[in-house]
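Every number for a ligand or one of its atoms is a count from 1 in the order of the listing.
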Amino acid sequence: MKFDNELSIIQQKIANGYAGVSRRLSIMNSLNIEIGQNVIDIGCGGGHLVQEIALSVGKNGKSIGIDPSKDQLDAANNRCKDLNNIKLICCTADKINIDDNFCDKVTSTQTLEYIEDVDESLIELKRISKKNSKFVNVSILWDYFRFYGPEKKLNDIIHEAFRAHCFHQMLPLDLVGKLSNLGYQNIKSENLSYLITNRDENSPAIFYENMLAKFAMSQGIEEQHIKDWQNQIKIAEKSKKFGFTSFPVLTSAYLAN
Ligand SMILES: C[S@@+](CC[C@H](N)C(=O)[O-])C[C@H]1O[C@@H](n2cnc3c(N)ncnc32)[C@H](O)[C@@H]1O
């Protein structure tokens, strides 16, 4: 899935909302940033985390964000325009124009699962990492990403279509072995799952519903089916039978000496 135009706006709304805020809090806690450090956010999107990192590393540190989407980087540039310890680079994670051993911390949120050859990117992330640096990733266990309320058959069709939106449905499971093979140690997985039973205008459920609807359309699902699905979600919410679950996992690890 490409995060351009309308999709980049939906994605930034998710990052602005409480799901985005709470996972950034967990990431910042795990990064445990010190003044003067160089920290990179891979697939930085609209730059929310890059901004928070910049405020944490101080003027002698560097907050770097990379993303291949021009729309996302424009939003990140706008968000961070008053900060002068920021570097935003338009590139993919497999080829980053940064010196070897430059970063004290490498982080990424809901990005690695969208990269087909994720091993190649992990090798590049290791190249730019200092020895003993920390790696913190959040990716979603997409098999547990689900709306509840619509009629099962229709709901399955929409979710099945959405599987094509990323390459790795269960990356947090594979990441442990991949990091271990690359020489990372002290690898930990933390459960950031949540359940929502109400939808308000700032709810990730609303934004993800729009994302699934748009994606289903791009996959050739009939427009009427998509409208029915969205209508059934509204009815389920009114009758208190609505639910939305997501299962992000925070994986942290240290690069061995
Ligand atoms: C779901 S968004 C997450 C954005 C941001 N990390 C956040 O949590 O708000 C995924 C981001 O990964 C970026 N992306 C996709 N492929 C990438 C790649 N090969 N290397 C780096 N970033 C990539 C997309 O452009 C998009 O901005």
Side-chain angles (χ1 to χ4, degrees), residues 1-28 30-31 39-54 63-80 86-98 103 105-128 135-142 145 162-169 171-172 175 178 192 194 202 204 207-208 210-212 214-215 246-251:
M1 185 158 80
K2 279 208 179 322
F3 290 89
D4 295 332
N5 306 314
E6 232 179 323
L7 271 179
S8 80
I9 291 166
I10 297 178
Q11 195 283 315
Q12 286 162 32
K13 284 183 176 169
I14 295 168
N16 283 338
Y18 48 80
V21 172
S22 75
R23 71 184 177 188
R24 282 199 298 284
L25 201 59
S26 301
I27 293 165
M28 289 301 281
S30 181
L31 283 173
V39 184
I40 189 165
D41 183 16
I42 306 299
C44 64
H48 299 74
L49 190 61
V50 173
Q51 181 185 36
E52 283 149 18
I53 290 169
S63 176
I64 306 160
I66 71 148
D67 204 293
S69 158
K70 194 182 166 308
D71 289 342
Q72 295 279 61
L73 274 194
D74 284 349
N77 264 308
N78 192 36
R79 180 175 304 280
C80 300
I86 299 244
K87 186 173 178 170
L88 293 166
I89 310 173
C90 191
C91 69
T92 49
D94 57 340
K95 202 168 189 320
I96 306 172
N97 189 13
I98 289 183
C103 297
K105 308 270 159 77
V106 174
T107 187
S108 186
T109 311
Q110 206 191 314
T111 293
L112 297 185
E113 58 259 59
Y114 295 107
I115 302 179
E116 188 167 10
D117 190 346
V118 69
D119 294 306
E120 201 182 6
S121 293
L122 288 171
I123 290 169
E124 179 69 347
L125 301 190
K126 181 179 171 183
R127 180 190 68 76
I128 62 169
F135 171 83
V136 176
N137 181 70
V138 171
S139 286
I140 294 181
L141 290 172
W142 289 102
F145 173 95
F162 194 59
R163 285 181 74 78
H165 97 288
C166 80
F167 290 108
H168 307 280
Q169 305 294 320
L171 186 67
L175 199 52
K178 288 182 187 299
L192 305 181
Y194 59 88
N202 198 28
F207 304 133
Y208 274 122
N210 289 334
M211 196 178 269
L212 259 70
K214 278 195 194 321
F215 195 80
S246 183
F247 200 147
V249 174
L250 185 150
T251 308

*Asks:* What residues, two or more places apart in sequence or in another chain, satisfy side chain to side chain contact (heavy atoms under 4.5 Å, CB included) together with Lys178?
*Replies:*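 Checked Lys178 against side chain to side chain contact (heavy atoms under 4.5 Å, CB included); matches are Val118, Asp119, Leu122, Asp174.
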*Asks:* Just jot down the side chain to side chain contact (heavy atoms under 4.5 Å, CB included) partners of Gln169, sequence neighbours excluded, or say none.
*Replies:*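 With neighbours one apart ignored, the set is Trp142, Asp143, Arg163, Cys166.
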*Asks:* Please determine, by modelled atom types, if Asp71 and Ser69 share a side-chain donor-acceptor pair under 3.5 angstrom.
*Replies:*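 Looking only at side-chain atoms, Ser69 and Asp71 do not form any donor-acceptor pair under 3.5 Å.
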*Asks:* What pairs with Ile89 under side chain to side chain contact (heavy atoms under 4.5 Å, CB included), at least two apart in sequence or on another chain?
*Replies:*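 Listed in chain order: Ile64, Ile66, Lys87, Cys91, Ile98.
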*Asks:* Could Arg24 and Glu52 be called an ion pair, given the rule that one side-chain N must be under 4.0 Å from one carboxylate O?
*Replies:*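 Result for this pair is yes, salt bridge flagged.
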*Asks:* Are any protein N/O atoms closer than 3.5 Å to the N/O atoms of ligand 1? If there are, list each pair with names and the distance to one decimal place.
*Replies:*
{"from": "ligand 1", "atom 1": "6 (N)", "to": "Gly43", "atom 2": "O", "distance (Å)": "2.7"}
{"from": "ligand 1", "atom 1": "6 (N)", "to": "Thr109", "atom 2": "O", "distance (Å)": "3.0"}
{"from": "ligand 1", "atom 1": "8 (O)", "to": "Arg23", "atom 2": "NH2", "distance (Å)": "3.4"}
{"from": "ligand 1", "atom 1": "9 (O)", "to": "Gln11", "atom 2": "NE2", "distance (Å)": "2.9"}
{"from": "ligand 1", "atom 1": "12 (O)", "to": "Thr111", "atom 2": "OG1", "distance (Å)": "3.3"}
{"from": "ligand 1", "atom 1": "20 (N)", "to": "Ala93", "atom 2": "N", "distance (Å)": "3.0"}
{"from": "ligand 1", "atom 1": "25 (O)", "to": "Asp67", "atom 2": "OD1", "distance (Å)": "2.6"}
{"from": "ligand 1", "atom 1": "27 (O)", "to": "Asp67", "atom 2": "OD1", "distance (Å)": "3.3"}
{"from": "ligand 1", "atom 1": "27 (O)", "to": "Asp67", "atom 2": "OD2", "distance (Å)": "2.6"}
{"from": "ligand 1", "atom 1": "27 (O)", "to": "Gln72", "atom 2": "NE2", "distance (Å)": "2.9"}

*Asks:* With no hydrogens and no angle check, just 3.5 Å: does a side-chain donor-acceptor pair link His165 and Tyr114?
*Replies:*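 There is such a pair between these side chains.
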